[in-house]
Each structure stands twice: as structure tokens, then as C-alpha cells.
Protein chains: 2
Amino acid sequence: MKKTISLSEMKDKYLGMPGTIERDQYEYELRMDVLGKMIRAARLERKLTQEELGRLVGVQKAQISKLESSANSATIDTILKVFKALQAEVSFYVKMEDNFLQIP
Amino acid sequence: MKKTISLSEMKDKYLGMPGTIERDQYEYELRMDVLGKMIRAARLERKLTQEELGRLVGVQKAQISKLESSANSATIDTILKVFKALQAEVSFYVKMEDNFLQIP
DNA sequence: TTAATTGTTTCCATTTTTAGAAACTAATAT
DNA sequence: ATATTAGTTTCTAAAAATGGAAACAATTAA
């Protein structure tokens, strides 16, 4: 007999576990290695292998591996393709330091 | 005589004006065209020309123009180089839809 | 242990981005 | 209007990312 639970309940259960995507209020500095870790976390939450995710995205498992381990940089387009295949939304924001300006 | 005001005060004054970076709570979908607009907004807040920003980053003004108008995609590394030159921090987060999972 | 699965690394070819330079357009100032 | 500044587009070459394939390593299952 199978039991159906929501992803929210899963998050409640596994919140804070390494390798899982945490709640919305968690923000990350935009860096390639952090992005790679997020891709891996999202893939694992979807219970996919790199090969399966590769099929969804349309690339080979080797590309997914390279992205997750941030072997090199990546283009925005590639990042978006992968998160889209994982049915995940990515948001960002920019914060500028509170420098002082001279008003003439 | 010059008057010195903080960037916060500037934001208070110009909040909502087109082409300015708005407050932290404003989030943006991670897309190349939105990133380009943010680069332009940040550059203008720093009161820099494309040529000056190019010098800071170490590229020609043409590259800056291409990024801002999102003529093509861009690598994460390039995006970060530009925002760093603008002394701006970029954060992101991933939200996964609340799908249902089958637990065996 | 062995077999099967999953993930990593390497090689090569192709595509795309990055870069400099110059020509061009648009906007601003004198 | 003309000159100056700012931004865009095009051209070329170089660097880097992407992609397929196979070999390799690591993990898991039987």
C-alpha cells in the first residue's frame, strides 16, 4: 500500500538535511559552485539520476555532472534549461552597497 | 555648496523610477534580459558610462552594450565580473513547485 | 565478491561567448 | 548646425562552453 504526501510535508521532514533545497527565505550568493549544488539538490528532490535529468534537458549525463560539480562556468541559458526541466523557478535580486553620493 | 546624501535617501527619492534598482524585497525572474536591465540600472546608479564600466571590468564598451541589451546569453562568470565592478551583490534562490511524490 | 547502476573524467568536434577594433547611430552640448 | 559624447552594430579572431561518446571510478544491489 502506497502513501501519498506532499512536497511540503517532505520539506518539513527533511528540512536542513544536507543536499536538500531549503525554504524560500534561504538565499544564496550567486556563484557557480552554489548553482551547481542547487542543481544537484533539486535533482535529488525530484529523485532523478543525472542520466534521467540529461534526457529531460536534452543533454548527456556528462554535462549534468559537469554542471553540478561546476567544472567550468555556464551560460544563463544552460542554467535555465536545467532548472526548467526540474520544474523549479529561479529568482534573483541585486543589492548595492549604501555608498554616498555627491549631489552638486 | 555641496550636499551629501546617502544612497538610501536617493532610493527613497527615486524609488519606482524606471531604470533604477529598487529595494531588496524586489525579486526578479532569472532571465538574461532582466539581468541586462539590472546591469544597466546598477551602472546608471553608479553614474558610469558603458566605457567607464568597461574599463573597470576590463573590457570594451561594446561588451557592456551587448550585455545590457542581452544580444546573446552570458556566462555566470561574466555576469559576476560586471556586478563586482559595480560593487553590487547578487543573490538568488530556487523555488520548487509543491508537487506530489509517491512514497512506497 | 560480482554485477549493475550511477557518477566522473577525458577526448574531440561544434557552437557560442568573449574580446578588440572600427564604423555607425543617437543623444547632448556648445 | 556642428562638435562631442554615449551607445550600438558589425567584423574578425580567440577563448570557453556545449555536446556526443567512450573509458573510468564509485556506489549500490544481488
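Residue numbers start from 1 in every chain, and the chains themselves are labelled A, B, ... in the order their sequence lines are given, proteins ahead of strands.
- For the atom pair CD of B:Q60 and CZ of B:R55, the computed distance is 10.5 Å after rounding to the nearest 0.5 Å.
- Without hydrogens or angle criteria, B:S65 side chain to B:K61 main chain gives no donor-acceptor distance under 3.5 Å.
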Less than 3.5 Å apart, which donor and acceptor atoms pair up between the side chains of residues 77-84 of chain B and the rest of the protein, not counting sequence neighbours?
residue: B:T78; atom: OG1; partner: B:T75; partner atom: OG1; Å: 2.9

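- B:R46 and B:E52 are not joined by a salt bridge, as no carboxylate oxygen comes within less than 4.0 angstrom of a charged side-chain nitrogen.
- Taking every heavy atom of both residues into account, A:Y28 and A:M38 meet most closely at CE1-CE, 3.5 Å.
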Quick one: what's the B/S/- string for nucleotides 9-19 of chain C, heavy-atom cutoff under 4.0 Å, read 5' to 3'?
BB------SBB
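- Side-chain N/O atoms of B:R43 include one lying less than 4.0 angstrom from OP1 or OP2 on D:dG7.
- For the helix from C:dT1-D:dA30 to C:dT30-D:dA1, the axis fitted to the five pairs at one end and the axis fitted to the five pairs at the other end meet at an angle of 50° (nearest 10 degrees).
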Can you pull every protein N or O that's under 3.5 Å from an N or O on nucleotides 27-30 of chain C?
none

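- Nearest heavy-atom pair, A:R43 versus A:L53, reported as atom, atom and distance to 0.1 Å: CD-CD2, 3.8 Å.
- Phosphate contact (OP1/OP2 of C:dT8, side-chain N/O of A:R40, threshold under 4.0 Å): present.
- Closest approach of B:S91 and A:E27 over heavy atoms only: CB-CB, 4.5 Å.
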Treat primed atoms plus P, OP1 and OP2 as sugar-phosphate and everything else as base, then score nucleotides 25-30 of chain D 5' to 3': B for base contact with protein heavy atoms under 4.0 Å, S for sugar-phosphate contact only, - for none.
------
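- A search for side chain to side chain donor-acceptor pair (under 3.5 Å) contacts involving A:E89 returns nothing, not counting sequence neighbours.
- Nearest heavy-atom pair across B:L86 and B:L48 is CD2-CD1, 4.1 Å.
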